Structures are given as C-alpha cells and as structure tokens.
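Please read all numbers here as calculations on a predicted model, not as lab measurements.
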Amino acid sequence: MFFKQTKRAHFARAPKLFAFGVSTLSATLLMASMTTAAHAARPNSQVPGATIVITGDPGGSVRERYNEIRQINQLGQKVEIRRGNCMSSCTMYLGANNVCVSPQAILGFHGPSNHGAKLPADKFDQWSRVISSHYPTAIRTWYMTSARFKIYSATRLSGAELIRIGVPRCQ
C-alpha cells in the first residue's frame, strides 16, 4: 500500500514539475535565440557593421540584389553564407566587400531571365555582366563562359568548392 501511495503522490506532482521544466526550458531557449539574433541581422538591415547570415535564399530580382549589396558595402556589413541553398541572385552576395561561405552552403548559378523567359541577346549580355561583376575572378570567368547559358536549371557549387577557389571560409 505504501508503494502505491508513494507512486501516486509522485505522479500527482509530476505535471507541476513538468510544467516548471518546460517553462524553464522555454525561457532558456528564448534567451539563447535572442542572443543569437542579436549577432545576426536580416538582409536589408540598416545597422552599420551588422553581420547578415544567409541560411537559404531562392534568389529574386538582380536589380534589387544589386542595390542591396551596394547598401551592405556602404554600411560596412558582413555577409555569411552559412547553409542551405543560395540560389540565383543570392549568389551575388559573393560581391559583398566582407563575405564568407561555409562548406555546408550550396550556391546555384544560372543565367539571367525575365521570370524564366529568355532575354534578348543584348539584355542577356548586360545582365550577365551585372551578375558576374559580383563574383571573384575565377567564378566570373566560369560564369561568363559556361554557367550563364543555363536558364531553366542551375549549376550548383558547394561552399567547400568555393572555398577551394578562394572565397573566404566562415569561422
């Protein structure tokens, strides 16, 4: 009988203990995430010297990305391409003055288009030059002679491959 009462008493207190444990855990996780968030900024941050961490970006407008990178450089911000897929115009972050890549990141390169439709030759060349101007020389040459001619798919390079080519590795 004593064993059953003790067991019941123990389980009767369990929900309170469990609730306390979850609250403590939640508070700890919240504080940890706030600490991490304080060190990383989102793209288009206006904070001078901020670190922008990229963990996945499908790309978008080349013109908008061009302006964003200009702003990043003016504000002295750092870009860290950490993990996930950095596709299309996201690869232009390689043109930031202070950029690094982690080996886990995957960058996807393809030629310019108008939402998937081919551009006239003069516009294709113009936008290809804008995109490639954001790449280190070795990547720029490869892009202009090969990768830009893929429109409907992308050539993917790992962060490890980019590091071997000379892109700084994130610490």
Side-chain angles (χ1 to χ4, degrees), residues 21-22 24-116 127-171:
V22 170
T24 304
L25 178 61
S26 297
T28 303
L29 290 174
L30 179 61
M31 287 173 49
S33 69
M34 287 173 28
T35 302
T36 303
H39 292 53
R42 292 180 169 259
N44 293 313
S45 165
Q46 300 295 313
V47 178
T51 298
I52 297 169
V53 178
I54 307 300
T55 59
D57 184 326
S61 165
V62 171
R63 184 184 318 255
E64 289 174 18
R65 191 73 65 168
Y66 173 87
N67 291 329
E68 180 185 350
I69 293 165
R70 232 179 61 220
Q71 177 183 322
I72 285 168
N73 290 337
Q74 287 172 349
L75 292 171
Q77 295 174 330
K78 179 178 185 177
V79 176
E80 296 181 358
I81 304 172
R82 285 284 179 179
R83 64 181 185 279
N85 291 319
C86 174
M87 305 299 290
S88 193
S89 69
C90 177
T91 63
M92 291 171 61
Y93 280 125
L94 293 173
N97 291 341
N98 188 359
V99 64
C100 67
V101 178
S102 72
Q104 297 79 18
I106 302 292
L107 282 76
F109 299 83
H110 67 81
S113 69
N114 185 6
H115 302 286
W127 287 109
S128 292
R129 284 190 302 277
V130 169
I131 294 167
S132 70
S133 71
H134 289 80
Y135 300 151
T137 304
I139 298 169
R140 180 181 307 133
T141 302
W142 164 76
Y143 178 81
M144 290 300 288
T145 59
S146 178
R148 74 179 177 138
F149 297 108
K150 273 192 170 180
I151 301 294
Y152 304 112
S153 62
T155 301
R156 296 170 188 252
L157 298 178
S158 70
E161 290 171 297
L162 292 168
I163 291 165
R164 280 193 292 278
I165 293 170
V167 176
R169 180 187 184 130
C170 295
Q171 299 304 318

Colleague: Tell me the closest heavy-atom pair linking I54 and C90, and the distance in Å.
Modeller: CG2-SG, 4.0 Å
Colleague: About how many Å separate CG of L107 and OG1 of T155, when rounded to the nearest 0.5 Å?
Modeller: 12.0 Å
Colleague: Verify, without hydrogens or angle tests, whether T145 (side chain) and T141 (backbone) share a donor-acceptor contact under 3.5 angstrom.
Modeller: yes
Colleague: Could you walk me through whether R82 and C170 pass side-chain contact (heavy atoms from CB on, under 4.5 Å), step by step?
Modeller: CA-CA 8 Å; R82 285 284 179 179; C170 295; 3.5 Å; yes
Colleague: Quick check on Q71: does its CD atom have over 12 non-hydrogen neighbours (other residues, nucleotides or ligands) under 6.0 Å away?
Modeller: yes
Colleague: Does any part of the side chain of I165, heavy atoms only, come nearer than 4.5 Å to the side chain of V167, both counted from C-beta?
Modeller: no
Colleague: Looking only at heavy atoms, which two atoms of P112 and I151 are closest? And how far apart?
Modeller: O-CD1, 3.5 Å
Colleague: Using distance alone, with no hydrogens and no angle criterion, decide if S153 and H110 have a side-chain donor and acceptor under 3.5 Å apart.
Modeller: no
Colleague: Show the numbers, then the answer: is there a side-chain contact (heavy atoms from CB on, under 4.5 Å) between E80 and S102?
Modeller: CA-CA 8 Å; E80 296 181 358; S102 72; over 6 Å; no
Colleague: Keeping Q171 on the side-chain end and R169 on the backbone end, is there a donor-acceptor pair under 3.5 Å?
Modeller: yes
Colleague: To the nearest 0.5 Å, what is the distance between CD1 on I106 and CG on L162?
Modeller: 9.0 Å
Colleague: How long is the span from the OG atom in S113 to the NZ atom in K150, to the nearest 0.5 Å?
Modeller: 14.5 Å
Colleague: For the CD1 atom of I72 and the CG atom of N98, what is their distance to the nearest 0.5 Å?
Modeller: 10.5 Å
Colleague: For a quick test of reading the model, state the closest non-hydrogen atom pair linking S133 to R140 and the distance between them.
Modeller: O-NH2, 3.7 Å
Colleague: Could you tell me which non-hydrogen atom of V47 sits nearest to which non-hydrogen atom of Q77, and how far apart they are?
Modeller: O-NE2, 2.8 Å
Colleague: Taking all non-hydrogen atoms of both residues, which atom of P103 and which atom of S158 are closest, and how far apart?
Modeller: O-CB, 4.3 Å
Colleague: Show your working on side-chain contact (heavy atoms from CB on, under 4.5 Å) between T91 and Y143 and close with a plain yes or no.
Modeller: CA-CA 11 Å; T91 63; Y143 178 81; over 6 Å; no
Colleague: Check whether any side-chain heavy atom of R63 sits under 4.5 Å from a side-chain heavy atom of S89, and report yes or no.
Modeller: no
Colleague: Evaluate the side-chain proximity of V79 to E68: yes if any heavy-atom separation is below 4.5 Å, no if none is.
Modeller: no
Colleague: Enter the distance from R148:CZ to I131:CD1 here, rounded to the nearest 0.5 Å.
Modeller: 9.5 Å
Colleague: Nearest 0.5 Å please: distance from the CZ atom of R164 over to the CG atom of L157.
Modeller: 10.0 Å
Colleague: Has R70 got a side-chain atom pairing as donor or acceptor with Y66's backbone, closer than 3.5 angstrom?
Modeller: no
Colleague: Please assess L94 against I81 for the test side-chain contact (heavy atoms from CB on, under 4.5 Å), listing each intermediate value before the final yes or no.
Modeller: CA-CA 9 Å; L94 293 173; I81 304 172; 4.3 Å; yes
Colleague: Which heavy-atom pair separates S88 from P58 by the least distance, and what is that distance?
Modeller: CB-O, 3.8 Å
